[in-house]
Amino acid sequence: MTAFKVGLLGHGNVGAAFETLLAERADAVAATTGLRPELSGVLTRSRGDFDEILAGSDLIVELMGGLDPAREYVLRAMAAGKHVVSANKQLLSQHGEELWAAAREHGVQLRFEGAVAGVIPVIRVLQESLAAAHIERIHGIVNGTTNYILSEMASNGVSYEEALAGAQALGYAEADPTDDVTGRDAAAKMAIIARLAFSTPVSLDQVRYEGIEHITADDMQYASDLGLGLKLIGTAERVGSGQISVRVHPAFLNAEHPLASIHGPFNAVTIESPAITEITLSGPGAGGPQTASAVLGDVISAMIPPASTAETTEALEIVEDVESAFYLYMEVADRPGVLAAVALLLGEEGASIKSVVQKGLGAKARLVMVVHPLLESRFFAAVDRIATLDFLRSRPRAIRVIEEEFL
Ligand SMILES: NC(=O)c1ccc[n+]([C@@H]2O[C@H](COP(=O)([O-])OP(=O)(O)OC[C@H]3O[C@@H](n4cnc5c(N)ncnc54)[C@H](OP(=O)(O)O)[C@@H]3O)[C@@H](O)[C@H]2O)c1
């Protein structure tokens, strides 16, 4: 099979994760594209030679960060007719127009999904899925570090300094967190998002930004008392005829707002357009393996834009009986022994009860419980048996409970 040579510039958090992922997924990519991706060389400060790597590559992946020499290498790669994939938000938010013009001039692709909101496919959605939509507004939580800090302050009542120290200990914040906490990192991402959403040049120096360094535990308490969430929000919106605003600042959000429930290091972007109403995309905003996944997705897109759905490469079994947690609602006679009888039948089928609430009295007595995940077939076997108990006033009702927590 023909090899597709990928030159890798940078071998840090994301670059090293990209090398690992590329090796793991090479067979699957080969099956999808008909080309086998492999590294042609790696450039760091201490190893590799850019000219040699460029000469031996079909595509260049830039994961060095910074403006120079990243800008020069990306321009040279495109001038040599190579596609480029980059996750460098600083570079794209400050030199995007020059780089995109060079890509058009040389007929190559410049892909950058990993530069904004990590693995969340916001770039693809703006450039492809929503290419026909007239976008009115985008709100985003596009910096995981600050969202983690604010989430910790809100849920544990800790100070900004304590939450920042925790974020650093967990690797969510850099030793020098300035770009994150001042809002500058989010501003770079909003510049790129706004450029794509509104097809107008937007660079980082045009984005007004304010960080979270001055937020206090009192502010968080106030937000919670009012039923509001406090988040660092990036906004890109049309504000008048021929005008847009692009900004980043802390903001209170109604609990119902889709971004209010984004906690921890997660990112989310809400896109509003009259035709589509509103779409929210959310997921991990950063991290080496997560960003590497976005980068490899871009590499595959650049290798062969598939004309149609690729042939299947796996024959996986589709199972019907899975484990689920359940909410179980029973209208019961108000008498002793009811709970024990239900618990016994559930227990015999391997169901363990997470919580129980008894509600109402007499003819209105109800028993509501949540059971821990178990095979659905076993749970429904227990329900069938419970339904035969003489104290039931109607058939029990069961609703599955999705328990995943993404924190
Ligand atoms: N980390 C994340 O979660 C994340 C998420 C989204 C996007 N990104 C973006 O991805 C890019 C890489 O981030 P990272 O976290 O992987 O950075 P990193 O850990 O600091 O790694 C940077 C790599 O680039 C190399 N490098 C830097 N300057 C160089 C130069 N002048 N010549 C040759 N090599 C050079 C470094 O070489 P040495 O090993 O010799 O120092 C290192 O291998 C950045 O643009 C970042 O904004 C990162």
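All residue numbers refer to positions in the sequence shown, counting from 1. Just so you know, ligand 1 is whichever comes first in the structure, and atom 1 is the first atom listed for that ligand. From a predicted model like this one, the values you see are computed outputs, not experimental measurements.
- Between Lys89 and Asp179 there is no salt bridge, since none of the side-chain N atoms of the basic residue sits less than 4.0 Å from a carboxylate O of the acidic one.
- The distance criterion of under 3.5 Å between nitrogen or oxygen atoms is met by His11 with respect to ligand 1.
- Between Gly285 and ligand 1, not a single N/O pair is under 3.5 Å apart.
- The closest approach between a heavy atom of Gly287 and any atom of ligand 1 is below 4.0 Å.
- Less than 4.0 angstrom separates some heavy atom of Gly65 from each of these atoms of ligand 1: 44 (C), 45 (O).
- Considering each of Gly10, Gly48, Gly114, the one bringing a non-hydrogen atom nearest atom 6 (C) of ligand 1 is Gly114.
- Distance check for atom 20 (O) of ligand 1: every protein heavy atom is found at 4.0 Å or beyond.
- Salt bridge Arg195/Glu97: present, at least one basic N to carboxylate O contact under 4.0 Å.
- Here the CZ-OG distance, from Phe380 to Ser324, works out to 7.5 Å after rounding to the nearest 0.5 Å.
- With rounding to the nearest 0.5 angstrom, the NE2 atom of His83 is 11.0 Å from the CG atom of Leu110.
- Between Glu348 and Arg378, no side-chain nitrogen of the basic residue sits less than 4.0 Å from a carboxylate oxygen of the acidic one, so the salt-bridge criterion is not met.
- Here the heavy atom of the protein found nearest to atom 5 (C) of ligand 1 is Thr291 OG1, 3.1 Å.
- Among all non-hydrogen protein atoms, the one lying nearest atom 22 (C) of ligand 1 is Met64 O, 3.6 Å.
- Contact check on Glu331 versus Arg397 returns no salt bridge, with no Lys/Arg side-chain nitrogen under 4.0 Å from an Asp/Glu carboxylate oxygen.
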Legend entry - Working for side chain to side chain contact (heavy atoms under 4.5 Å, CB included), residues Ile60 and Val74: CA-CA 8 Å; Ile60 293 292; Val74 168; over 6 Å; no
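- Within ligand 1, the atoms closer than 4.0 Å to a non-hydrogen atom of Pro69 are 31 (N), numbered from 1 in the order shown.
- Atom OG1 of Thr280 and atom NE2 of His139 lie 10.5 Å apart (nearest 0.5 Å).
- Closest protein heavy atom to atom 9 (C) of ligand 1: Ala87 O, 3.2 Å.
- Of the protein's non-hydrogen atoms, Lys89 CE, 3.2 Å is the one closest to atom 47 (O) of ligand 1.
- Here Thr20 pairs with Glu24 under the side-chain contact (heavy atoms from CB on, under 4.5 Å) rule; sequence neighbours left out.
- The N/O atoms of Ala286, backbone and side chain alike, include none that comes under 3.5 Å of an N/O atom in ligand 1.
- Comparing Asp179, Asn13, Thr44 by heavy-atom distance to atom 39 (O) of ligand 1, the nearest is Thr44.
- Residues forming a salt bridge (charged side-chain N to carboxylate O under 4.0 Å, His left out) with Glu38 (at least two apart in sequence, or on another chain): Lys5.
- The residue from Gln290, Arg45, Gln90 that puts a heavy atom closest to atom 29 (C) of ligand 1 is Arg45.
- Looking only at protein heavy atoms, the nearest one to atom 12 (C) of ligand 1 is Leu63 O, 3.3 Å.
- The line from CZ of Arg400 to CZ of Phe326 is 4.5 Å long, rounded to the nearest 0.5 Å.
- Protein heavy atom at the shortest distance from atom 18 (P) of ligand 1 is Gly12 CA, 3.9 Å.
- Looking at Leu43, Val14, Asp185, Leu92, it is Val14 that brings a heavy atom closest to atom 13 (O) of ligand 1.
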